Structure formats: C-alpha cells, structure tokens
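Heavy-atom basis, side chains included; hydrogens, waters and symmetry copies ignored. Small disclaimer: the values here were computed from a predicted structure and weren't measured. Numbering of residues begins at 1 and proceeds along the displayed sequence.
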Amino acid sequence: MINAGDYDKKISIYQIEEVEDNDGFVSKTEVIILKPYAKLKTTKGFTLIASGSDFEKAYTNFTIRYSKKVEDTYYNSNRKMYVKYKNKTFTIEYLNNIDEADIELQLQCKRVTK
C-alpha cells in the first residue's frame, strides 16, 4: 500500500542535451523529463561509519511513482540523467523499478559537488 503523503518533495528529472542555435553555435541545455513529487531517504553518517564506507559513497534515494518515460529515457540515454532538489544537483547512479511491479521507481543518486 502506497501512502500518497510520503511523496512530498518536488524534484526535477532532466538530461543535458547539446542544441545548435540559429547561428550554428552548440550549447548545452537542460531538458526536463519529469517534475514529480518524491519520497526522500538519505544515508545517515553513522551508517557510513559503521559499515566502514567513506562519505563519497553517501547516496540519496528518491522514490517516485512509476514513470515509463523516466525508465525508458534512462536506459536509452546511456544513463546520463540528473535530479534537481532544493537547488542541489544529483546524478542518477542507479534506477530501480521496485519489485518489477511498475508502481514505484527508486532513483539512487549521488550529489554533484562541482
């Protein structure tokens, strides 16, 4: 059973595409794929220390309602997709269709710090 109230964080899922303007110059443009509401879960610092991992491996998991468009775009674009949340950018490291049930997608993301 999914609780709709859990999806309370507004995110943007996008790709960066190279677009040529009228003068022939190529520029990179963010192309929005979807602006869903998501459930957010982060890895706690204690968990990282207890498991012996470094903080570079800290992931943020965004869970959204299933979207075939997001899943297809992810697998057809060499897995180069990003998430924006609260003016922070994350790369999607892994996409999981939970239980292959086509109900929820979990986006395992890593924050872009550069």
Going through the checks in order, is the side chain to side chain contact (heavy atoms under 4.5 Å, CB included) test met by Arg111 and Lys88? CA-CA 7 Å; Arg111 184 161 176 214; Lys88 296 175 187 165; 3.7 Å; yes
Sequence-distant partners of Lys84, side chain to side chain donor-acceptor pair (under 3.5 Å), two or more places apart: Glu30
Honestly curious: do Ile11 and Tyr66 fall in one hydrophobic cluster under the side-chain, below-4.5 Å linking rule? yes
Taking a hydrophobic cluster as the set of Ile, Leu, Val, Met, Phe, Trp and Tyr residues connected by side-chain heavy atoms closer than 4.5 Å, whether directly or through intermediates, do Tyr75 and Leu34 fall within one such cluster? yes
Approximate separation, where rounding is to 0.5 Å, of Ile64 CD1 and Ile103 CD1: 13.5 Å
Out of curiosity, Ile16 CD1 to Thr89 OG1, how far, rounded to the nearest 0.5 Å? 8.0 Å
For [X], check side-chain contact (heavy atoms from CB on, under 4.5 Å) against everything at least two apart and list the hits.
{"X": "Gln15", "value": "Glu17, Ile33, Thr73, Ser77, Met81"}
{"X": "Asn87", "value": "none"}
{"X": "Lys86", "value": "none"}

Suppose we screen for ring-ring contact (aromatic ring centres under 6.0 Å, His included). Which residues come up paired with Tyr74, at least two apart in sequence or across chains? none
Got a sec, which residues hit ring-ring contact (aromatic ring centres under 6.0 Å, His included) with Tyr82, two or more places apart in sequence or on another chain? Tyr14
Other cluster members, Phe25 - Ile/Leu/Val/Met/Phe/Trp/Tyr, side-chain contacts below 4.5 Å: none
Tracing side-chain links under 4.5 Å among I, L, V, M, F, W and Y, which residues wind up in one group with Val26? none
Is there a side-chain contact between Thr63 and Leu105 in this structure, where contact means two heavy atoms from C-beta onward sitting under 4.5 Å apart? no
Do the non-hydrogen side-chain atoms of Phe90 and Thr60 ever get within less than 4.5 Å of each other? yes
Can you give me the closest heavy-atom contact between Asp8 and Gly5, atom names plus distance? CB-O, 3.9 Å
Please, which pairs that meet side-chain hydrogen bond (donor to acceptor under 3.5 Å, both in side chains) have at least one residue in residues 90-106, sequence neighbours excluded? Tyr7-Glu104, Thr91-Glu93, Asn97-Asp102
Do other residues, nucleotides or ligands put more than 12 heavy atoms under 6.0 Å from Lys10 NZ? yes
Single hit among Val83, Ile92, Ile13 for side-chain contact (heavy atoms from CB on, under 4.5 Å) with Phe62: Val83
Name all pairs fulfilling the salt bridge (charged side-chain N to carboxylate O under 4.0 Å, His left out) condition that reach into residues 59-77, sequence neighbours left out, sorted by first residue then second. Lys68-Asp72
